[in-house]
Structures are given as structure tokens and as C-alpha cells.
Amino acid sequence: MRWNRFGIRASVMAAVVASTALMVTGCDAGESSSTSVDPASAGPASATPAPVTSPSVASPSASSPESDAVVTPAVAGSPGGAAPVCSAGSLKVAARQAADRPAGTGIGAAVVEFTNGSAKACVLKGHPTVAGAGNGSPGKNSPLSVTTTGSASPVKLAHGGKAWVKLTFVQVQGEADGFCESGAEPVVYPTLVVGLPGSGKHQVALDDGLFAECDNKVTVTAVSAVKPS
């Protein structure tokens, strides 16, 4: 049985005609509240939501290939979907002596550059690990004691985008083989192994010279979209 809109049960059986009329009336009234509205008669449609714009990813400047600002920071989980962490195989790594370095005759400081060689954007993050390369054998690497500086934030790299870390060593003093102020012997590495969280470890040589340092200590910056001096 159905209830009409006034809540009265349409079950009076006194007369067939009267009962039928009441049931029809009850059905019409009860179903009117759930009948779908024809879109054509419902008036103007609501405004279409504005499209969501994905976060931009900076690319290397075509007009200035040597530009330092070729990437932008991007926090994982940002609107539009987070880019994956850069894989070891997607990165090209190079190193050069830093212009701003401690006084002395060793390397003093080096800038390590990471370039995204993949076709898609990816993210680098964190502070690097550093070890002296063990003649091509990872098991013979000599880890350096790392002191970190600065806070770490994810950096999103477009295809061809770059990011950097700076390594500052305890400087070698004197001429010829040099000496360490601590009394230890200077150590020279043809290459270093530099690692980033989730992005593998990379063996890298200086573009000119060797990595000479004292005390097996290094101070490192977090990966950054700003090229250090």
C-alpha cells in the first residue's frame, strides 16, 4: 500500500471506483517529489568549474644556456601530482672546483652539478653522502665524515634541468705534497662517489685536477636549484 501526501492510507475498500481514484491520486502525489527534472526546463546550468592548472616545471633557458636559474623548487604532493624521485640512470653528474673556497693549496671546495637527462620531470632532495672512490670498486670506497648545512627541500627538474650541491673540504696547506694543520697526511682522490637519497650514488671527477683534502671530513649543502659559487 502507498501513503498519499497527507499521510492517509489509501485502503478504503467501500467502492471500487472510489478506491481506484484515491490510489491513483496517492501514487501521483507520492511520486512527484522524486521525479527527475528535465535539464531543458530546469533553467540555466551551473557554471562550469575552471580547469585545474598543473604546476609549471621550469626548463633550461633557450636564450641563456649558462643560466643558473633553470629549475624551480616543488614540494612532493603538490597539486597536479608529484613528480617521481630522479633515478640514478636519469642523472648526468659533473664537478668543478668552487670559486668560493678555503685558502690553501688543495681543492678546498667543489660544486657538483646534477642534470636530468630523462624525458620527464623528476625530483632531487636531501643532503649528499660523499666517499673517496675505491679504484672502481664500491666496496673499497672511503666514506668521508659529512657535516650538513642548510635545510633540505625537494627540487623539481624538468628535462635538462639542473640542481647543485657544494662540498667544502678541510683544506691542504703548503707546497709540493702539502700538509694538514691537524698533523694528518693529505689524501688525494681522482674521483669521488656522491650520493643523493633515492637517486643513487655517482662517481665523478673534477673537470680539472684532483680532490685533495685533509682529515676525511666534508661539509655539504642540501641539493638546491640555485647554483653555488
Side-chain angles (χ1 to χ4, degrees), residues 47-100 109-133 136 138 141 143-169 189 191-207 211 218-229:
T48 301
V52 177
T53 303
S54 299
S56 60
V57 180
S59 300
S61 172
S63 60
S64 180
E66 300 300 323
S67 173
D68 292 345
V70 295
V71 291
T72 54
V75 177
S78 59
V85 174
C86 299
S87 66
S90 70
L91 296 172
K92 299 176 182 178
V93 185
R96 62 172 178 80
Q97 187 176 31
D100 184 7
V111 174
V112 181
E113 177 183 273
F114 299 87
T115 303
N116 177 15
S118 70
K120 297 182 179 180
C122 62
V123 171
L124 290 179
K125 58 183 179 180
H127 292 85
T129 59
V130 183
N141 290 346
L144 274 62
S145 176
V146 172
T147 299
T148 61
T149 60
S151 58
S153 299
V155 175
K156 183 182 286 186
L157 305 182
H159 167 67
K162 300 178 185 295
W164 298 266
V165 297
K166 184 175 181 178
L167 317 178
T168 302
F169 303 94
Y189 296 108
T191 59
L192 292 180
V193 177
V194 180
L196 284 177
S199 297
K201 296 181 178 181
H202 307 267
Q203 189 167 349
V204 59
L206 282 172
D207 60 353
F211 296 98
V218 61
T219 300
V220 303
T221 64
V223 64
S224 174
V226 179
K227 187 177 181 179
S229 59

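When a residue number appears, it is its place in the shown sequence, counting from 1. The structure presented is a predicted model; accordingly, all values stated were derived computationally and were not measured.
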Chemist: Can you give each donor-acceptor pair under 3.5 Å made by side-chain atoms of residues 194-202, sequence neighbours left out, with the distance rounded to 0.1 Å?
Modeler:
from, atom 1, to, atom 2, distance (Å)
S199, OG, C86, O, 2.7
H202, NE2, S199, O, 2.9

Chemist: Closest heavy-atom contact between D207 and Q97?
Modeler: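 Looking at all heavy atoms of both residues, the closest pair is OD1-N, 4.3 Å.
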
Chemist: For P128 and V146, work out which heavy atoms get closest and say how close.
Modeler: O-CG1, 4.0 Å

Chemist: What are the two closest heavy atoms between W164 and P228, and how far apart are they?
Modeler: CB-CD, 3.5 Å

Chemist: Treating K125 as the side-chain partner and A152 as the backbone partner, does any N or O pair qualify as donor plus acceptor under 3.5 Å?
Modeler: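 No, because the side chain of K125 does not come within donor-acceptor range (under 3.5 Å) of the backbone of A152.
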
Chemist: How many angstroms lie between atom OG1 of T221 and atom CG of L167, to the nearest 0.5 angstrom?
Modeler: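 Between T221 OG1 and L167 CG, I get 7.5 Å after rounding to 0.5 Å.
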
Chemist: Nearest 0.5 Å please: distance from the CG atom of L91 over to the NZ atom of K162.
Modeler: 11.0 Å

Chemist: At their closest point, which heavy atom of A95 faces which heavy atom of F211, and how far apart are they?
Modeler: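 Where A95 meets F211 most closely, the heavy atoms are CB-CZ, 4.3 Å.
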
Chemist: In residues 116-124, what donor-acceptor pairs under 3.5 Å come from side-chain atoms, sequence neighbours left out?
Modeler:
from, atom 1, to, atom 2, distance (Å)
N116, OD1, S118, N, 3.0
N116, OD1, S118, OG, 2.6
N116, ND2, K120, O, 2.9
N116, ND2, L157, O, 3.2
N116, ND2, A158, O, 3.1
S118, OG, K120, O, 2.9

Chemist: So, for A222 and S151, which heavy atoms are closest and what is the spacing to 0.1 Å?
Modeler: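 Closest approach of A222 to S151: CB-O, 3.7 Å.
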
Chemist: Applying side-chain contact (heavy atoms from CB on, under 4.5 Å) between V165 and each of V130, V111, V112, V220, report the one that passes.
Modeler: V112

Chemist: Among all residues two or more places apart in sequence or in another chain, which pass the side-chain hydrogen bond (donor to acceptor under 3.5 Å, both in side chains) test with T148?
Modeler: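 By the side-chain hydrogen bond (donor to acceptor under 3.5 Å, both in side chains) rule, T148 matches no residue at all.
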
Chemist: Do Y189 and L144 have side chains that get closer than 4.5 Å, going by heavy atoms?
Modeler: yes

Chemist: List the steps and the verdict of side-chain contact (heavy atoms from CB on, under 4.5 Å) for L192 and V218.
Modeler: CA-CA 12 Å; L192 292 180; V218 61; over 6 Å; no

Chemist: For the residue pair K166 and A109, what are the closest heavy atoms and their distance?
Modeler: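 Minimum heavy-atom separation between K166 and A109: CE-CB, 4.0 Å.
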
